[in-house]
S.K.: 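Could you have a look at this structure, given as structure tokens, before my questions?
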Protein chains: 2
Amino acid sequence: MPETTDRPSAARAPRVGRRPRTSRAELEQVALRLFAERGFEETTVDDIAAAAGIGRRTFFRYYGSKNDVVWGDFERELEHMRAWFAGCPPEIPMMDALRRAVVAFNRLDPDQVPWHRLRMMMILQVPALQAHSTLRYADWRAVVAVFVAGRLGQPADALMPQAIAYACLGAAVASYEQWLRHDDADLGELLNRAMSALAHGFQGALDPPGPVSGQTPTG
Amino acid sequence: MPETTDRPSAARAPRVGRRPRTSRAELEQVALRLFAERGFEETTVDDIAAAAGIGRRTFFRYYGSKNDVVWGDFERELEHMRAWFAGCPPEIPMMDALRRAVVAFNRLDPDQVPWHRLRMMMILQVPALQAHSTLRYADWRAVVAVFVAGRLGQPADALMPQAIAYACLGAAVASYEQWLRHDDADLGELLNRAMSALAHGFQGALDPPGPVSGQTPTG
DNA sequence: CACGATAATGGCACTTGGTGCCGAAAGGAA
DNA sequence: TTCCTTTCGGCACCAAGTGCCATTATCGTG
């Protein structure tokens with residue numbers, strides 16, 4: 001797939017050659033608006049390309065697939081998380097660090113909440129996106145696994161780093177689903193609850209689902 | 001999708017009308033053999049249909065998608081697991097019951113290990129199947145979530161049942177990946193280790209990855 | 001034995017996502 | 001202007017999947 005290497009970057013204008021007609025961000029805007037209006041599956045790539053004033057072929061130069069549009073610049077998010085983990089002081093217990101990271105990297109700018117909600121709604125509910133998400137989650141898990149591996153002194157592909165990464169992802173996704181179901185819920189609190197329960201082997205799960213129980217067990 | 005409702009069943013022969021030319025099981029055999037020979041992506045639905053001596057259109061009456069073939073009769077497996085949970089005595093602690101279930105329902109007949117390995121290899125490594133798996137896992141999680149919900153006295157779609165179901169799935173998948181990487185590994189042991197660690201909030205994860213540590217913490 | 005109800009088959013056309021190819025357009029530099 | 005570089009986007013093509021519908025096989029009945 002030579003497609004993935006030569007995507008135009010929205011960065012500093014290249015010195016030479018024809019200038020890009022659009023950008024990933026702009027395409028994302030256009031696409032998301034269409035998705036919101038008629039739904040994800042009801043919007044074809046032709047629709048998006050037409051609305052953006054580019055050719056269908058060009059669309060696929062900016063995004064490898066229709067699915068990818070919904071994820072925006074996920075890679076940048078991951079880069080931040082990676083950096084956070086790298087700078088995480090060793091005094092913080094591992095599971096606590098994981099909880100904090102998950103909560104921190106899902107804090108939302110109030111003004112972008114509606115878009116993020118739409119995004120997550122589609123990712124978690126449209127089958128095609130639901131399926132595709134696995135591939136994106138893999139990158140997320142890798143970041144977590146590397147951190148855990150460092151703490152445990154094991155390779156990142158060993159059982160525990162992988163299991164923990166999967167479990168964290170699960171807790172996060174479950175929280176998101178809850179958040180989408182109850183639009184009055186606080187995402188941060190849900191994430192805190194889920195990650196905290198995870199860190200305790202779900203032993204406190206018998207407690208009623210009241211407000212944050214034992215959210216800072218070790219720190 | 002009216003397609004999903006009227007698939008021929010391999011059960012007792014229907015009294016009237018033309019008889020099915022093949023069966024899900026037979027198609028599965030044919031397809032898996034082709035997948036093993038040339039790979040999943042290199043095998044088209046036309047190839048499978050031709051090899052099975054049926055029309056391409058007919059293939060889609062037996063399986064809703066090419067992806068589905070790999071999963072065989074997953075629904076039956078789930079039905080068994082549901083039944084097991086339903087008959088699980090309340091004395092067994094929840095997390096212990098989950099561990100046992102995961103281990104029990106992944107015990108393999110030695111003679112079908114190679115096929116199962118191929119299956120899982122594809123599911124966990126071929127991107128298209130990796131993505132598709134999410135949709136099948138959802139059913140698996142639902143079974144777990146219902147059991148957990150019963151134990152916790154919460155709705156199945158509440159945060160904890162969902163988070164626990166996701167976490168269990170994660171532990172299981174991580175174990176499978178490990179099993180595939182090291183063909184000398186014992187799947188049951190890996191599952192035991194991962195589920196046990198999960199039940200302890202991964203506190204013992206600092207132990208070296210030696211032979212099953214604390215595999216039967218509560219029973 | 002023909003007849004009619006029933007159910008599976010499979011061809012055909014069509015939609016959609018995605019890719020390889022390649023010439024055309026656009027812009028900076030010499 | 002000319003050359004070089006980069007993006008654009010049309011075209012042809014492939015594969016998955018679906019709706020439609022005529023065809024075929026099978027059973028029960030008159």
Side-chain angles (χ1 to χ4, degrees), chain A residues 1-24 26-27 31 34-35 38-71 122 126-129 131-132 135, chain B residues 1-24 26-27 31 34-35 38-70 126-129 131-132 135:
Chain A
M1 54 201 72
E3 296 286 329
T4 50
T5 54
D6 58 347
R7 300 237 181 75
S9 71
R12 68 262 172 266
R15 288 262 241 265
V16 59
R18 183 175 176 169
R19 250 167 299 161
R21 274 191 75 146
T22 180
S23 65
R24 282 174 66 90
E26 189 187 320
L27 273 186
L34 290 180
F35 293 159
R38 2 177 167 167
F40 179 81
E41 297 179 305
E42 289 71 29
T43 307
T44 70
V45 174
D46 288 280
D47 292 337
I48 303 171
I54 62 172
R56 161 193 169 72
R57 189 66 185 80
T58 301
F59 171 88
F60 284 110
R61 286 220 179 73
Y62 285 84
Y63 286 99
S65 77
K66 182 180 155 189
N67 295 329
D68 283 322
V69 185
V70 178
W71 288 83
M122 292 193 291
V126 174
L129 289 173
H132 179 76
L135 307 177
Chain B
M1 48 196 76
E3 295 286 332
T4 51
T5 55
D6 58 348
R7 299 232 183 78
S9 72
R12 67 264 169 264
R15 286 262 243 267
V16 61
R18 181 174 179 169
R19 250 169 301 163
R21 274 190 74 140
T22 181
S23 65
R24 283 174 65 92
E26 190 187 318
L27 273 184
L34 290 179
F35 293 160
R38 1 177 167 167
F40 179 82
E41 297 179 306
E42 289 72 28
T43 307
T44 70
V45 174
D46 286 280
D47 293 336
I48 303 170
I54 61 172
R56 161 196 168 73
R57 190 65 184 82
T58 302
F59 170 88
F60 285 110
R61 286 218 180 74
Y62 285 84
Y63 286 98
S65 77
K66 183 181 154 189
N67 295 330
D68 282 321
V69 185
V70 179
V126 175
L129 288 173
H132 179 75
L135 307 176

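Side chains are part of it too, since the values below use all heavy atoms of this structure and drop only hydrogens, waters and symmetry mates. In what follows, chains are A, B, ... by sequence order, proteins preceding strands, each numbered from 1.
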S.K.: Go through it in stages, so that I can follow the logic: the residues are A:Phe35 and A:Ile48, the test is side-chain contact (heavy atoms from CB on, under 4.5 Å), and I'd like the CA-CA distance, side-chain angles, deciding distance and then a yes or no.
M.R.: CA-CA 9 Å; A:Phe35 293 159; A:Ile48 303 171; 3.9 Å; yes
S.K.: Choosing from C:dG17, C:dG27, D:dG17, which nucleotide comes nearest the side chain of A:Lys66?
M.R.: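 Nearest listed nucleotide: C:dG17.
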S.K.: Does the base of C:dG17 carry an N or O that pairs as donor and acceptor with the side chain of A:Arg56 under 3.5 Å?
M.R.: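 Yes, a donor-acceptor pair under 3.5 Å.
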S.K.: Can you tell me how far P of C:dG11 sits from CD1 of B:Ile54, to the nearest Å?
M.R.: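 Going from CD1 in B:Ile54 over to P in C:dG11 covers 10 Å.
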S.K.: For A:His132 and A:Val70: C-alpha separation, side-chain torsions, deciding distance, then whether side-chain contact (heavy atoms from CB on, under 4.5 Å) applies.
M.R.: CA-CA 11 Å; A:His132 179 76; A:Val70 178; over 6 Å; no
S.K.: Expressed as a whole number of angstroms, how long is the span from B:Glu41:CD to D:dA16:P?
M.R.: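 After rounding, the gap between these two atoms is 10 Å.
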S.K.: Please determine whether a side-chain nitrogen or oxygen atom of A:Thr58 lies at a distance below 4.0 Å from atom OP1 or OP2 of D:dG9.
M.R.: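 For D:dG9, OP1/OP2 do have a side-chain N/O of A:Thr58 under 4.0 Å.
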S.K.: Between C1' on D:dA15 and CG on B:Asn67, what's the gap in Å once rounded to a whole number?
M.R.: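 About 12 Å, once rounded to whole Å.
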S.K.: From the set C:dC12, C:dC21, D:dA15, return the single nucleotide nearest to any side-chain atom of A:Arg57.
M.R.: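 In terms of side-chain proximity for A:Arg57, the closest of C:dC12, C:dC21, D:dA15 is C:dC21.
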S.K.: Starting the side chain at C-beta, find the nucleotide from D:dT7, C:dG17, D:dG17 nearest to A:Tyr62.
M.R.: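 Nearest to the side chain of A:Tyr62 among the choices is D:dT7.
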S.K.: Measure from CZ on A:Phe40 to C1' on C:dT16 and round the result to the nearest Å.
M.R.: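 Whole-Å distance recorded here is 12 Å.
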S.K.: Whole-Å distance between C:dT15 P and A:Asp47 CG?
M.R.: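 Rounded to the whole Å, the gap is 13 Å.
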S.K.: Is there a donor on the side chain of B:Arg18 or the base of C:dT9 sitting less than 3.5 Å from an acceptor on the other?
M.R.: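 Counting by modelled atom types and ignoring angles, no donor-acceptor contact under 3.5 Å is found here.
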S.K.: Any side-chain heavy atom of B:Lys66 sitting closer than 4.5 Å to one from B:Phe40?
M.R.: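 When only atoms from C-beta onward are counted, B:Phe40 and B:Lys66 do touch, with a gap below 4.5 Å.
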S.K.: Roughly how far, to the nearest 0.5 Å, is the OG1 atom of B:Thr58 from the CZ atom of B:Arg21?
M.R.: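 The CZ atom of B:Arg21 sits 8.0 Å away from the OG1 atom of B:Thr58.
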S.K.: Whole-Å distance between D:dT18 C1' and B:Arg61 CZ?
M.R.: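 In whole Å, D:dT18 C1' lies 11 Å from B:Arg61 CZ.
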S.K.: Look at B:Arg19 and D:dT26 and indicate whether a side-chain polar atom (N or O) is within less than 4.0 Å of OP1 or OP2.
M.R.: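 Checking D:dT26 against B:Arg19, a side-chain N or O does come within under 4.0 Å of OP1 or OP2.
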S.K.: Tell me if the side-chain of A:Arg21 makes a donor-acceptor pair with the base of D:dG9, cut-off 3.5 Å, by modelled atom types.
M.R.: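 Absent.
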S.K.: With distance as the sole test, does A:Tyr63 use its side chain to make a donor-acceptor pair with the main-chain N or O of A:Leu27 at under 3.5 Å?
M.R.: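 Flag not set: sc A:Tyr63 to bb A:Leu27 has no pair under 3.5 Å.
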S.K.: Without decimals, in angstroms, what is the distance between A:Phe60 CZ and D:dC14 C1'?
M.R.: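 My rounded result for the distance is 13 Å.
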S.K.: Look at the side chain of A:Pro20 and decide which nucleotide, out of D:dC8, D:dT26, C:dG18, has an atom nearest to it.
M.R.: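 Shortest atom-to-atom distance from the side chain points to D:dC8.
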S.K.: Rounded to whole Å, please give me the gap between CZ in B:Phe59 and C1' in C:dA8.
M.R.: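 About 17 Å, once rounded to whole Å.
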